[in-house]
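A, B, ... follow the sequence lines: proteins, then strands. Residue 1 opens every chain.
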Protein chains: 2
Amino acid sequence: MLATKFQRPPRLSDTVSRQLESWIRELGLAPGTQLPTEKSLCERFGVSRAVVREAISRLKAEGCVETRQGLGAFVAANPGEGSFRLDGDTVSAGDEAADILELRCMVECGAAELAARRRSQAELARIERALDDMDRALSTGGEGALADDAFHVAIAAASGNRQLERFLAYMGRQFSDSRLPTWSEDGHRAGRAAEAQAEHRRIFEAIRDGRADAAGAAAREHLLGAARRLGISPRHWPAIAPVGQ
Amino acid sequence: MLATKFQRPPRLSDTVSRQLESWIRELGLAPGTQLPTEKSLCERFGVSRAVVREAISRLKAEGCVETRQGLGAFVAANPGEGSFRLDGDTVSAGDEAADILELRCMVECGAAELAARRRSQAELARIERALDDMDRALSTGGEGALADDAFHVAIAAASGNRQLERFLAYMGRQFSDSRLPTWSEDGHRAGRAAEAQAEHRRIFEAIRDGRADAAGAAAREHLLGAARRLGISPRHWPAIAPVGQ
DNA sequence: TCATCGAGCTTGTCTGACAAGTAGATAACG
DNA sequence: CGTTATCTACTTGTCAGACAAGCTCGATGA
């Protein structure tokens, strides 16, 4: 099934974009250098403009090309540095996990504050639904990690800031393991799940009541609690606790 | 010149790809799920097939969609897994520029607070050096954007959080244009450069004196000022101003 | 029952056209 | 002569319609 993937003839736009990319890299074109026009690329590669445009569209998505209507296409400022990545290996290492948690704390607190200011009824309901799901998981001893995820995603969405939402979603994915110790059987028994849920509820109530500062503080408490439950608390971490006091 | 970036109307294909992406994530479509056909997407978004194809091409490049000729388009195995990206094109749309600034504000304020707590003498000196460079640029009417960049990078480094530093460096790259209106000839004449520099100095002094809250507040003021200088202040933005009051 | 074929769908590619934005030359004006 | 306004040529962005290539599935026939 997947084998067919490898014998499928490559699409023209892929070929062109690959050639263009290596062309840029090999010639070491400086950022800002203008690329040939679409028309001349069509002639050079012997393809239609649609293909060239799709190839360029891909390079744009990869961040190594920018285009301006009426001007042309240019080598982007930082080819290859177009994205931010927290790679999985570093996430587990002690200090870096703490750093990431700290970064996440800043953003998550900000999201909670904004959510308290801007939440709509629908978004509030979505947050509460996730909260209820976790309540159920708590009473049945079941799996609550998914609802936990949904809870944080819903808060990010309620912040009304799409970029913030995307960034937190990204961090959440990288940190998906981090909820296991809380919602595992052990976590239920040791009361970690109940503890986390209490923190969740405080965040929700503050957002519901529109108390931005309280929401931020509750989020901070929750992240601190998460760090404790994960056993993370190196030299760096404690420093952020007193923020706002 | 590059400042026009912020008022450029977003391209249709960007809008479509963005909507498609959020659509996929919000519905939580499982990997392998088939997407609507290009034709129906055209009707749904009211655009031509070329636009839909470019949007999909972009999602393919981002790795969250795969297509098979004769079959259709499908949600990829790991949608948006590997990295986080604020791409240059989406930065242009007004609301999104505001969202990014808002996100940046959270992180930059946090960095300033941490820097005030953790700065070493060497890091402090590095910040001051960048500040002096900007002073020189100010008095000679010269170019200060590079030193401006160095200033913020130095603060991020002084936070002692590597991940935070990397993330701010990434955002700084994406936002490199944003300092032009401040340090351009016009910016010098209109006093924007002097204004920014005064804000810089307040941040530096708070960090030097170890006043974390003041450093955070000064950073917030600076980001608000930057937004003002860029002419960004849509519905979203003002809400973050009163944080901490 | 089973192999074959074809209609009808999908994406991939091509073509030609027009709209929108920019830079540079040209012309008009003080 | 210098400055401003306009116009032209060129670029990317978008549209429309067509055909090619690949896939699914049911009708057809042995």
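- Rounded to whole Å, the distance from CD1 on A:I56 to P on D:dG13 is 8 Å.
- Annotation: side chain of A:I127 is in contact with side chain of A:F151 (closest heavy-atom distance under 4.5 Å).
- If you measure from atom CG of B:L12 to atom C1' of C:dA19, you get 12 Å, rounded to the nearest angstrom.
- B:F74 places its CZ atom 11 Å from the P atom of D:dC23, with the value rounded to the nearest Å.
- In this structure, CG of A:L35 is placed 17 Å from C1' of D:dC10, rounded to the nearest angstrom.
- Between the side chain of B:Q197 and the main chain of B:L131, a donor-acceptor pair closer than 3.5 Å is present.
- Although no hydrogens or angles enter the test, the distance criterion places no donor-acceptor pair under 3.5 Å between the side chain of B:E221 and the main chain of B:G216.
- The separation between A:L59 atom CG and D:dT12 atom P is 14 Å, rounded to whole Å.
- In this structure, A:R119 contributes its side chain and A:L124 its backbone to no donor-acceptor pair below 3.5 Å.
- Closest to the A:K60 side chain, of the nucleotides D:dG13, C:dC14, C:dG12, is D:dG13.
- Side-chain proximity of A:R53 to D:dC15, C:dT11, D:dT12: nearest is D:dT12.
- Judged purely by distance below 3.5 Å, without hydrogens or angles, the side chains of B:E43 and B:S40 never pair a donor atom with an acceptor atom.
- Listed nucleotides D:dC15, C:dA17, D:dA18 differ in distance to B:A50; the shortest reach to its side chain belongs to D:dC15.
- Proximity of B:S13 to the phosphate of D:dG13: no side-chain N or O atom is located under 4.0 Å from OP1 or OP2.
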Between protein and nucleotides 4-10 of chain C, what N or O pairs are separated by less than 3.5 Å?
{"from": "C:dT10", "atom 1": "O2", "to": "B:G70", "atom 2": "N", "distance (Å)": "3.3"}

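- Here the side chains of B:H152 and B:E108 are in contact, with some heavy-atom distance below 4.5 Å.
- The base of D:dG17 has none of its N or O atoms less than 3.5 Å from a complementary donor or acceptor on the side chain of B:R49.
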